[in-house]
Amino acid sequence: MLQNSRIEAVVFFVKNLHNTRQFYEHTLGLKTTWAAGAEEGDSGGHLMAHIGDSVLIFFEGDEKPARTPILVFSVGDNEIHRMVEHLTAHHVEILAPVQHAPDGGLTADFADPDGHVLSIYQRPT
């Protein structure tokens, strides 16, 4: 099902976005940006660091086992609903049904057998 996809993003929940930005920029040398025009300190904002065609996304929030990191697979146009149907047919727990992502794409979350969150993402068309 996901054999032709690629890893779109890895999502982390972190205690402090400022500390995260300092680490990923100054220690690891990655360029970070605030998403969707947000600025440091904005409520609900999140931080992104691009690595090739993939992105690390950081949200401020509770770090809980099986909640972070979330591995996000990108899928082709008009595939997300078919993939959720496939997962449902195989008795996979759907944690979040297909919904709009902040960038206008579509996303859905599901759990692996150990409860780890996996996500599929369809870019905006």
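Note on ring orientation: taking the six-membered ring where Trp is involved, the planes of Phe12 and Phe58 are parallel (angle under 30°, cut-offs 30° and 60°).
The main-chain N or O of Asn78 is found under 3.5 Å from a side-chain atom of Gln122 such that the two form a donor-acceptor pair. Between the side chain of Glu93 and the main chain of Ala111, no donor-acceptor pair closer than 3.5 Å is present. The backbone N or O of Ala49 lies less than 3.5 Å from no partner atom in the side chain of Thr33, so there is not a single donor-acceptor pair.
Here OH of Tyr24 is found 11.5 Å from CG of Leu17. Values are rounded to the nearest 0.5 Å. How far CE of Met83 is from OG1 of Thr88: 13.0 Å, rounded to the nearest 0.5 Å. Considering CG of Leu95 and CZ of Phe110, their distance stands at 9.0 Å, rounded to 0.5 Å. Rounded to the nearest 0.5 Å, atoms CD (Gln22) and CG (Asn19) are 7.5 Å apart. Summarising the geometry, atom CZ belonging to Phe23 is positioned 14.0 Å from atom NE2 belonging to His18; distances are rounded to the nearest 0.5 Å. Taken to the nearest 0.5 Å, the CG atom of Leu47 stands 4.5 Å off from the OG1 atom of Thr32.
In this structure, His26 places its NE2 atom where more than 12 heavy-atom neighbours from other residues, nucleotides or ligands lie under 6.0 Å away.
Taking each heavy atom of His50 and Met48 in turn, the nearest pair found is NE2-CE, 4.1 Å. Minimum heavy-atom separation, Glu60 to Lys15: CG-O, 3.5 Å.
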Step-by-step side-chain contact (heavy atoms from CB on, under 4.5 Å) determination, Arg123 to Glu8: CA-CA 10 Å; Arg123 292 177 182 250; Glu8 179 77 21; 3.1 Å; yes
As a quick check of understanding, evaluate side-chain contact (heavy atoms from CB on, under 4.5 Å) for Thr107 and Val72, giving each step before the final call. CA-CA 9 Å; Thr107 185; Val72 181; 5.6 Å; no
side-chain contact (heavy atoms from CB on, under 4.5 Å), that's the test. Do His100 and Leu106 meet it? Break it down for me. CA-CA 5 Å; His100 289 280; Leu106 296 173; 3.7 Å; yes
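Side chains of Glu25 and Leu30 form no contact here, defined as non-hydrogen atoms less than 4.5 Å apart. Counting only heavy atoms from C-beta outward, the side chains of Phe13 and Ile70 approach each other to under 4.5 Å. Side-chain contact between Tyr121 and Asp103 is present, with heavy atoms from C-beta onward closer than 4.5 Å.
A salt bridge between Arg82 and Glu85 is absent, with no side-chain N of the basic residue lying under 4.0 Å from a carboxylate O of the acidic one.
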